[in-house]
Amino acid sequence: MGNRQQRVLAFVYRWLMDRYGPQGWWPLVACDGVNPTKTGATKGYHPGDYTYPRTDDQRVEICVGAILTQNTAWTNVEKALGNLQRAGRLSLSALAATPVEELRELIRPAGYYNQKAAYLQNLVAFLMAHEPGDITREALLTCKGVGNETADSILLYAFSRPEFVIDAYTKRIFLALGLCDERSSYMSMKQQVESAISPDVVVYQEYHALLVEHAKQHYNKKPFGIGDPLINIVKALK
DNA sequence: AACCAGGACGTGA
DNA sequence: TCACGTCATGGT
């Protein structure tokens, strides 16, 4: 029964990669990656280069971005990250030394800045207290402010672990393609993909990024999925 | 002028 | 478990 879903998920990945090309997630402020074929925003992305993150600071930047982007447009996150970098606060030690009032002001453009400032301080303390090899999904989830998607984003993009990320876009697309229903849980969808696509950090990184890019084309205004060619293609698939 | 953005938490059924 | 209110800025 999972056999068709398996084929569909593999097909969708190839189709998206064919259409959009490598996405080069996660974006980094101090990264000069450029891909002229990419259709979406290219700033800070490094398509085809899977050697990131290269430094502890880049790892921290990804973790910070994962918190800041919660229910927030990435353009707003970029402003906050820019503030942090200009203030020299985009490192673990600098963040740990930043008073929460200052942190709030720096990340204000990302919204929910009171909550997120506290979440960031939690996460910074957590990261300082754990070795990279020591960081498990369960451990991350004990941080207040780190839920399923944020944990998986951190693991996949900052620590190169094969954890598939589900987000609101993924659910919209999977709904339209008949791969899940309205009340499918985060974990059920994650496990569905992870049992269909063998664990591979690069594939998981690209697949999630490709789903976001595709959703930005066809799934960010209601009714979702209008004009998405995948719907009919997948429907015709056996 | 609504509506949505790469969610998570606290609460009450 | 799960549905609902809350958190907040900025672009379309």
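Chain naming here is simple, since letters A, B, ... match the order of the sequence lines and numbering starts at 1 in each.
A/R108 comes within 4.0 angstrom of sugar-phosphate atoms only, judged by non-hydrogen atoms across all strands, and of no base.
Note: CG (A/N114) to P (C/dT6) measures 16 Å, nearest angstrom. C/dA3 atom P lies 9 Å from atom CZ of A/R183, rounded to whole Å.
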request  = Encode nucleotides 4-13 of chain B as B, S and - characters from 5' to 3', where the letter depends on protein heavy atoms closer than 4.0 Å: B to the base, S only to sugar-phosphate, - to neither.
outcome  = SBBBSSS---
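With A/Y52 as the aromatic partner, A/R54 meets the cation-pi criteria of under 6.0 angstrom to the ring centre and within 45 degrees of the ring axis. Relative to the ring axis of A/Y113, A/R104 does not place its NZ or CZ within 45° and under 6.0 Å from the centre.
Between B/dA5 and C/dC7, the distance separating the two C1' atoms is 14 Å to the nearest Å. Using atom P as the reference point in both C/dG5 and B/dC3, the two lie 15 Å apart (nearest Å). A gap of 22 Å separates the P atoms of C/dG10 and B/dA8, to the nearest Å.
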Show which side-chain atoms of residues 192-199 of chain A pair as donor or acceptor with protein atoms under 3.5 Å away, not counting sequence neighbours.
unit_1	atom_1	unit_2	atom_2	d
A/Q192	NE2	A/Q5	OE1	2.9
A/Q192	NE2	A/L179	O	2.9
A/E194	OE2	A/F164	N	2.8
A/E194	OE2	A/K190	NZ	2.7
A/S195	OG	A/Q191	O	2.9
A/S195	OG	A/Q192	O	3.1

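When the salt bridge (Lys or Arg N to Asp or Glu O under 4.0 Å) test is applied to A/R59, the partners found at least two apart in sequence or on another chain are A/D56.
Under the 4.5 Å side-chain criterion, counting only non-hydrogen atoms from C-beta, A/K144 is in contact with A/Y119.
Taking the six-membered ring wherever Trp is involved, the centroid distance between the rings of A/H214 and A/Y20 falls below 6.0 Å.
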